[in-house]
Amino acid sequence: MNRFLQRSLLSGPPLLYLLVFFLLPTLIMVVVSFGWPGEQGGLAPLWLRDAQGFHLDLTLDNYADFVSTTLYLRLLAKSFWYAVLTTLICLVMAYPLAMLIAKSDKRHRNLMVLLVILPFWSNFLIRVYAWMIILGPQAGLSQALNGVLALFGWGPVSLLFSPFAVLVGLVYVHLPFMILPLYANLEKHDPGLMDAARDLGANRWQCFWRVTFPLSLPGVLAGSALVFIPALGAFAVPDILGGTGGIMIGNVIKMQFLEARDWPFGSTLSIVLTLFALGVTGIAAWLVRRRGGSYV
Amino acid sequence: MALLEIQNVTRRFGNFEAVHDVGLEVEAGEFFTLLGPSGCGKTTLLRMIAGFDAPDAGRIFLNGQDLVATPPEKRPLHTIFQNYALFPHLTVADNIAFPMRMAKLGERAIAEKVKQILDEVRLSEMGGRYPADLSGGQKQRVAIARALVDRPHLLLLDEPLAALDLKLREQMQIELINLQREVGITFIYVTHDQGEALALSHRIAVMDAGKVMQVGRPEDIYEFPANRFVADFIGVCNLLEASVTAAEPDALTLDIPPLGKVGAYSPQSLPVGRHGVLALRPEKVRIDSQIVAAPQENHFSGTVRALIYMGDITMYHVEITCDGASGLTIKALLPNSQARGASFFEVGDRVEIAWRYDAGRFVYE
């Protein structure tokens with residue numbers, strides 16, 4: 001009984017927190033996604049009073065709207081590809097770095113991890129706005145690129161407000177979330193396994209693909225989820241760096257809530273996005289587990 | 001030509017010389033042990049043979065071929081690591097198949113060999129298990145199977161039994177001896193456990209501070225230690241400070257204060273005045289309440305100061321008292337071979353001890 005009390009006291013508050021501020025809002029969103037928009041925006045009452053008395057006034061119209069045009073599906077697909085590309089680029093960039101940190105001297109490791117999380121010390125929006133300047137037409141990068149292109153008679157291109165800018169921004173923002181779980185995983189690897197693999201005839205390439213990489217799959221999976229899910233729903237980065245053609249599904253959701261004030265449709269898009277993200281990560285985890293055996 | 005030749009190998013880490021000018025030869029089919037306290041350089045030497053480390057000076061030949069430039073994956077030898085280093089993400093069968101997959105053998109041949117060696121190490125049912133599901137002894141056998149499956153010329157074993165408990169260790173020792181005899185592959189075995197080294201090896205190289213102190217068969221190392229370190233490190237030994245007072249052919253007279261003149265034996269002639277120690281094994285010292293000294297025997301009387309009962313044997317610490325001199329303690333050992341119950345000399349008992357001239361070994365290095 002005492003132990004039970006102890007456990008409830010320890011895990012109670014965080015559980016309650018998640019319940020009130022995560023599960024409850026999610027459930028509200030689910031309900032709202034079946035509601036009608038209010039006449040002045042927002043949400044119409046879910047209860048209707050008529051001759052028969054009170055009854056629920058719910059609709060599937062929002063979901064019907066979602067599938068009736070290809071616009072939202074196309075936006076979802078586009079967001080999916082942006083998120084996949086962001087995840088892959090982050091993975092390719094983060095892996096060598098995480099390995100470098102994990103293999104370097106213990107004294108230097110903490111400093112290097114600190115450097116990885118250093119960007120978090122300044123505001124997210126400020127950092128994205130900084131990219132606006134870096135990629136802007138007046139900045140050296142654009143000038144140099146267009147200078148080179150001009151030599152071949154090709155017209156000036158804009159780095160800013162392009163899919164390229166969105167990807168750069170997404171990768172930049174999410175890279176630490178890939179590095180940290182990868183590092184945490186790689187740091188625990190027994191260096192003796194590398195010796196054993198080489199001793200048994202594996203060259204460095206085979207050592208990596210046969211031992212290091214399979215053993216790091218849990219880290220790869222965790223990092224990919226931490227990058228893919230927020231990248232899928234990103235709205236600030238495409239807003240600032242993407243221009244008019246760069247919008248993603250997250251921007252549409254934001255517009256539904258803040259500009260169109262159609263809360264039910266915004267909720268519908270959110271729910272669809274959440275289910276989609278859950279589905280993709282679930283399938284990815286299943287695929288990895290099937291290949292990695294019961295170890296992962 | 002020896003299978004493995006190590007010539008003048010030196011390895012430094014900064015100012016510390018881990019291995020100093022080591023030369024060794026290991027014959028094909030031998031069970032060869034590198035024995036020494038931790039930090040003596042035995043593991044560094046093993047890692048250089050395996051290729052994980054390179055000597056700063058000297059050369060290592062396998063089958064007459066210089067190994068130093070060969071990366072570990074190209075050396076025709078395998079290592080069994082102290083913690084076994086089994087791949088946790090691979091099943092037992094895939095672990096064992098690993099070296100053959102690296103050698104690009106056909107999957108059918110691999111499956112056959114895996115099955116065969118699993119039978120040999122009595123793990124036929126375990127092929128689908130993961131290393132995390134195995135006991136210490138089973139992991140050990142998987143590591144052995146993985147290292148032997150493609151018949152290397154040489155197997156290096158880095159304290160492979162250190163992690164096992166005593167009973168299992170003894171059982172694995174017997175398995176290792178039998179296995180080595182069956183497969184006929186040369187073993188180089190690293191350990192700090194002198195009992196293990198004596199029990200397993202054909203030959204032993206005793207190492208200390210990066211140097212080889214003595215190489216020889218277990219019985220040579222034990223009976224005829226070449227120097228003070230080996231005498232002290234292997235087994236229990238009385239080390240009596242002594243100097244030579246007379247050296248006849250075969251016969252040696254030593255002065256051991258406060259005992260005085262003691263007869264000893266030396267195969268080589270030594271100069272008078274040479275200082276050293278008489279290394280005398282406790283089991284070579286007779287102890288009784290009364291001893292009639294035989295010719296060619298040193299004879300002293302003393303008092304039991306301590307006894308250590310170890311079940312099969314009892315070790316007596318006898319303080320010698322002769323001509324009023326005292327202070328020197330000699331350890332003597334008696335097997336507890338009485339049919340019913342052991343009987344002991346008690347602390348304080350007067351006893352006499354004796355040992356033959358040729359029972360001890362005078363070492364001066």
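A note on names: the letters A, B, ... follow the listed sequences, proteins ahead of strands, and every chain is numbered from 1.
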Could you go step by step and tell me if A:Asp199 and B:Arg75 meet the side chain to side chain contact (heavy atoms under 4.5 Å, CB included) rule? CA-CA 8 Å; A:Asp199 184 75; B:Arg75 300 188 181 198; over 6 Å; no
Who in residues 42-64 of chain B is close to chain A, using a strict under-4.5 Å heavy-atom cut-off? B:Arg47, B:Ala50, B:Phe52
Would one find more than 12 heavy atoms of other residues, nucleotides or ligands at under 6.0 Å from atom CZ of A:Phe208? yes
Verify the neighbour count for atom CD of B:Glu27: are there more than 12 heavy atoms of other residues, nucleotides or ligands below 6.0 Å? yes
Which residue out of A:Arg198, A:Arg210, A:Gln206, A:Arg204 racks up the most heavy-atom pairs below 4.5 Å with chain B? A:Arg198
Within 6.0 angstrom of A:Phe22 CZ, more than 12 heavy atoms from elsewhere: no
Do any of residues 93-105 of chain B have a heavy atom less than 4.5 Å from a heavy atom of chain A, and if so, which, in residue order? B:Phe98, B:Pro99, B:Arg101, B:Met102, B:Lys104
Whatever's closer than 4.5 Å to a heavy atom in chain A on B:Asn83 counts as side chain
Which bit of A:Asp190 is near chain B, if near means a heavy-atom gap under 4.5 Å: side chain, backbone, both or neither? side chain
Heavy-atom pair with the smallest gap, counting every atom of A:Gly192 and B:Ala85: O-CB, 3.9 Å
Which residues, numbered in order, of residues 113-129 of chain B come under 4.5 angstrom of chain A by heavy-atom distance? none
To check you understand the geometry: which heavy-atom pair defines the closest contact between B:Arg146 and A:Leu200, and what is its length? NE-CD1, 3.3 Å
Smallest heavy-atom separation, A:Leu193 atom then B:Phe87 atom, equals O-CE2, 3.5 Å
Please output the residues of residues 65-73 of chain B in contact with chain A, using a heavy-atom cutoff of under 4.5 Å, in numerical order. B:Pro71, B:Pro72, B:Glu73
Is B:Leu86 in contact with chain A via its backbone, its side chain, both, or neither, using a 4.5 Å heavy-atom distance? backbone
